[in-house]
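Input: one structure, supplied below.
Only heavy atoms go into these numbers, but all of them, side chains included; no hydrogens, no water, no symmetry mates.
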Amino acid sequence: QVPLVESGGGLVQAGGSLRLSCVASGRTFSTYALGWFRQAPGKEREFVATISWSGATTSYADSVKGRFTISRDNAENTVYLQMDSLKPEDTAVYYCAASSRVPIITFRSAVNYWGQGTQVTVSS
């Protein structure tokens with residue numbers, strides 16, 4: 001099992017920044033694709049960003065491209081999501097995800113493990 005624990009959420013004004021972290025335990029962490037999804041009230045959980053096991057490949061949802069950056073540190077078993085130029089529509093619970101099934105994670109059915117989520121609220 002690869003438990004995932006997110007941190008770094010909070011309340012920020014529009015235009016501000018936050019950095020989310022997700023720490024995973026388990027010796028196979030470095031071989032997993034990792035990603036971030038988010039879920040706003042009344043909406044489905046949606047893809048935000050993903051990174052391959054080596055960090056060489058990343059992908060982003062169009063809504064966050066150019067504003068968010070995903071990175072990982074395999075030595076620290078951690079994946080990060082740097083969120084800049086935040087907008088009120090970025091408000092959601094953000095979930096860390098891990099997959100051994102695909103090289104990058106862009107859809108929910110590929111996910112083996114989910115974190116518990118961290119709330120991000122962007123005020124206007």
Side-chain angles (χ1 to χ4, degrees):
Q1 193 168 1
V2 185
L4 306 171
V5 180
E6 303 98 331
S7 62
L11 173 64
V12 65
Q13 289 188 332
S17 298
L18 283 174
R19 188 173 83 153
L20 306 183
S21 300
C22 173
V23 179
S25 61
R27 58 186 177 90
T28 61
F29 169 85
S30 61
T31 65
Y32 279 67
L34 299 172
W36 291 92
F37 287 69
R38 67 185 182 187
Q39 188 167 17
K43 294 187 177 182
E44 292 190 349
R45 192 171 299 188
E46 64 176 7
F47 164 72
V48 175
T50 183
I51 188 166
S52 62
W53 72 270
S54 68
T57 303
T58 59
S59 182
Y60 298 90
D62 288 342
S63 58
V64 307
K65 202 170 293 183
R67 300 188 297 121
F68 290 11
T69 303
I70 189 170
S71 61
R72 68 188 292 168
D73 184 340
N74 287 343
E76 298 294 328
N77 287 349
T78 304
V79 60
Y80 303 97
L81 185 68
Q82 177 67 41
M83 306 186 294
D84 298 318
S85 302
L86 283 161
K87 305 175 181 180
E89 51 264 44
D90 294 319
T91 295
V93 177
Y94 283 71
Y95 296 90
C96 181
S99 177
S100 60
R101 303 168 182 163
V102 292
I104 55 173
I105 311 170
T106 57
F107 49 96
R108 289 174 292 172
S109 61
V111 176
N112 292 85
Y113 305 104
W114 293 99
Q116 83 288 351
T118 185
Q119 176 70 47
V120 171
T121 303
V122 184
S123 63
S124 56

Q: Return the set of residues passing side-chain contact (heavy atoms from CB on, under 4.5 Å) with Gln116 (not counting sequence neighbours), or none when no residue passes.
A: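 In terms of side-chain contact (heavy atoms from CB on, under 4.5 Å), with neighbours along the sequence ignored, Gln116 is linked to Val5, Glu6.
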Q: Please list, chain by chain and in numerical order, all residues satisfying salt bridge (Lys or Arg N to Asp or Glu O under 4.0 Å) with Lys43, sequence neighbours excluded.
A: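 Expected list: none.
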Q. Among all residues two or more places apart in sequence or in another chain, which pass the side chain to side chain donor-acceptor pair (under 3.5 Å) test with Ser85?
A. none
Q: Please identify each residue that fulfils side-chain contact (heavy atoms from CB on, under 4.5 Å) with Glu89, with sequence neighbours left out.
A: Lys87
Q: Identify, with sequence neighbours excluded, every residue that meets side-chain contact (heavy atoms from CB on, under 4.5 Å) alongside Val122.
A: Val12, Ala14, Leu86, Pro88, Asp90, Thr91, Val120
Q: Sequence neighbours left out, what pairs pass disulfide bond (SG atoms under 2.5 Å apart) with at least one residue falling in residues 60-124?
A: Cys22-Cys96
Q.
Taking side chain to side chain donor-acceptor pair (under 3.5 Å) as the definition, give me every residue that meets it alongside Glu46, ordered by chain and number, with sequence neighbours left out.
A. Arg38
**Q.** Under the side chain to side chain donor-acceptor pair (under 3.5 Å) test, residues paired with Asp84 that sit two or more places apart
**A.** Ser17, Gln82
Q) Does anything in residues 11-25 pair up under salt bridge (Lys or Arg N to Asp or Glu O under 4.0 Å), and if so which pairs, sequence neighbours excluded? A) none
Q: For Ser59, enumerate each residue passing the side chain to side chain donor-acceptor pair (under 3.5 Å) test, keeping only those at least two apart in sequence or located in another chain.
A: none
Q | For Arg101, salt bridge (Lys or Arg N to Asp or Glu O under 4.0 Å) partners two or more places apart | A |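 With sequence neighbours excluded, Arg101 shows a salt bridge (Lys or Arg N to Asp or Glu O under 4.0 Å) to no residue whatsoever.
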Q: Just jot down the side-chain contact (heavy atoms from CB on, under 4.5 Å) partners of Thr58, sequence neighbours excluded, or say none.
A: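 For Thr58, the residues satisfying side-chain contact (heavy atoms from CB on, under 4.5 Å) (neighbours in sequence not counted) are Ile51, Tyr60, Ile70.
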